[in-house]
Amino acid sequence: MNYQAVLEDISKAVRPLAGQGKLADYIPALANVNPDKYAVCLNSIDGHMYSVGDAGERFSLQSISKVFSLAMCLSIKGEGLWKRVGKEPSGTAFNSLVQLEAEHGLPRNPFINAGAIVLADVLLTSLADPEENFLSFVRELCGSGTVGYNLDVARSERENGYLNAAIANLLKYHKKIECDVEEVLAFYFKMCSLEMNCKELARAFLAFANHNEKFCYSGISLTSSQVKRINAVMQTCGFYDEAGEFSYLVGLPGKSGVGGGIAAIYPRRYSVAVWSPRLNSKGNSVMGMKTLELLTTETMESIF
Ligand code: DON
């Protein structure tokens, strides 16, 4: 498959959508990003890399980082993790409080904010140096020792993170987190502030596409069955109340973030990362979704 030509065609085909959607300005530091950035990078498991656009420019991963924290938590806790967080799609917004209250503080899945805040608590209580350990893991996964947190973004989100603070307090009230609320939120925001470019992100996700290979990075190891199950959770929960739409249009497991990135995998074939900061009303990148829809449509390759 000539993925380079396919990506170049797609990058032209999505241009008419360029002005649609808006930046995630509820995190003020993200409102300063150039909304016209666009990048896509595909890594095949046979070792080729194809990219178009600003694929070397780093952006805020936001919720995409939840895949990395889930991988760490599953490695540490095994199946016992699912006592702390569910694995069912929520059908609600990523920051919704309604379902969490109705379900007595047990988050539906690890990718909604409530679930990821519980993951942050699991890492804080299990690791010697959670911030460093998380960073070492993602650096090894993406093959770059310079990937890091953006402290301005983390601070900006903390200063305006009223909804996440409400979620964390509700979790604490229901005894679903052990650590201090402020400590959990600070670590959660830090993980969300992680930055990578599309080349690094596609490389990091290759490990999830290649589940027949041994998954062991910086002491975090997963069985191929665990990797497949992370992909299953991405398929059903990776796009919040648009998970069905992404499955319908794209047909790959993936994860979005309000920084405008989406990472997806085609098991045993490739990983792909796309970045375009303008978001639709569900918090998912407009051009990113379209790029991946065209990728699986034009190549006639998807998991279905
Ligand atoms: O907690 C938040 O609201 C953000 N740090 C992450 C949300 C996010 O990326 C949702 N994804 N589309």
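Counting convention: from 1, in listed order, for ligands and their atoms alike. Quick caveat: nothing in here was measured; it's all calculated off a predicted structure. Below, each value reflects all heavy atoms present in this structure, side chains not excepted, and no hydrogens, waters or symmetry copies.
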Pairs of nitrogen or oxygen atoms closer than 3.5 Å, one from Phe94 and one from ligand 1: do any exist?
no
Relative to the heavy atoms of Asn164, which atoms of ligand 1 are at a distance of less than 4.0 Å?
1 (O), 2 (C), 3 (O)
Could a heavy atom of Tyr240 be found less than 4.0 Å from some atom of ligand 1?
yes
Cation over ring face, Lys282 and Tyr240, 6.0 Å, 45°:
no
Heavy atoms only, cut-off 4.0 Å: how does Asn113 contact ligand 1, side chain, backbone, both, or neither?
side chain
For ligand 1, which atoms, with element, lie under 4.0 Å from some heavy atom of Ser256?
11 (N), 12 (N)
Angle between ring planes, Phe205 versus Phe208, binned at 30° and 60°: parallel, tilted or perpendicular?
tilted
Less than 4.0 Å between a side-chain N and a carboxylate O, is that true for Asp36 and Arg278?
yes
Is the shortest distance from a heavy atom of Phe189 to ligand 1 less than 4.0 Å?
no
for atom 1 (O) of ligand 1, nearest protein heavy atom and its distance come out as Tyr188 OH, 2.6 Å
Could you tell me which atoms of ligand 1, counted from 1 in the order shown, lie closer than 4.0 angstrom to a heavy atom of Ser63?
6 (C), 7 (C), 8 (C), 9 (O), 10 (C), 11 (N)
Test: Lys87 cationic atom under 6.0 Å from Trp82 six-membered ring centre, within 45° of axis:
yes
Tell me, please, which residues at least two apart from Ser285 pass side chain to side chain donor-acceptor pair (under 3.5 Å).
none
Numbered atoms and elements of ligand 1 in range of Gly283, under 4.0 angstrom, heavy atoms:
12 (N)
At what distance is the nearest protein heavy atom to atom 2 (C) of ligand 1, and which residue and atom is it?
Glu157 OE2, 3.0 Å
Give the residue and atom name of whichever protein heavy atom lies nearest to atom 3 (O) of ligand 1, and the separation in Å to one decimal.
Tyr26 OH, 2.5 Å
Near Cys192, which atoms of ligand 1 are under 4.0 Å from a heavy atom of that residue?
5 (N)
Protein residue, atom and distance nearest to atom 5 (N) of ligand 1, heavy-atom basis:
Gln62 OE1, 2.5 Å
Arg84/Asp121 ion pair, N-O < 4.0 Å:
yes
Are Arg58 and Glu200 within salt-bridge range, i.e. N to O under 4.0 Å?
yes
Taking the six-membered ring for Trp, are Phe246 and Phe239 parallel (under 30°), tilted (30 to 60°) or perpendicular (over 60°)?
parallel
If I compare all heavy atoms of Pro267 with all of His211, which pair ends up nearest, and what's the gap?
CB-CE1, 4.2 Å
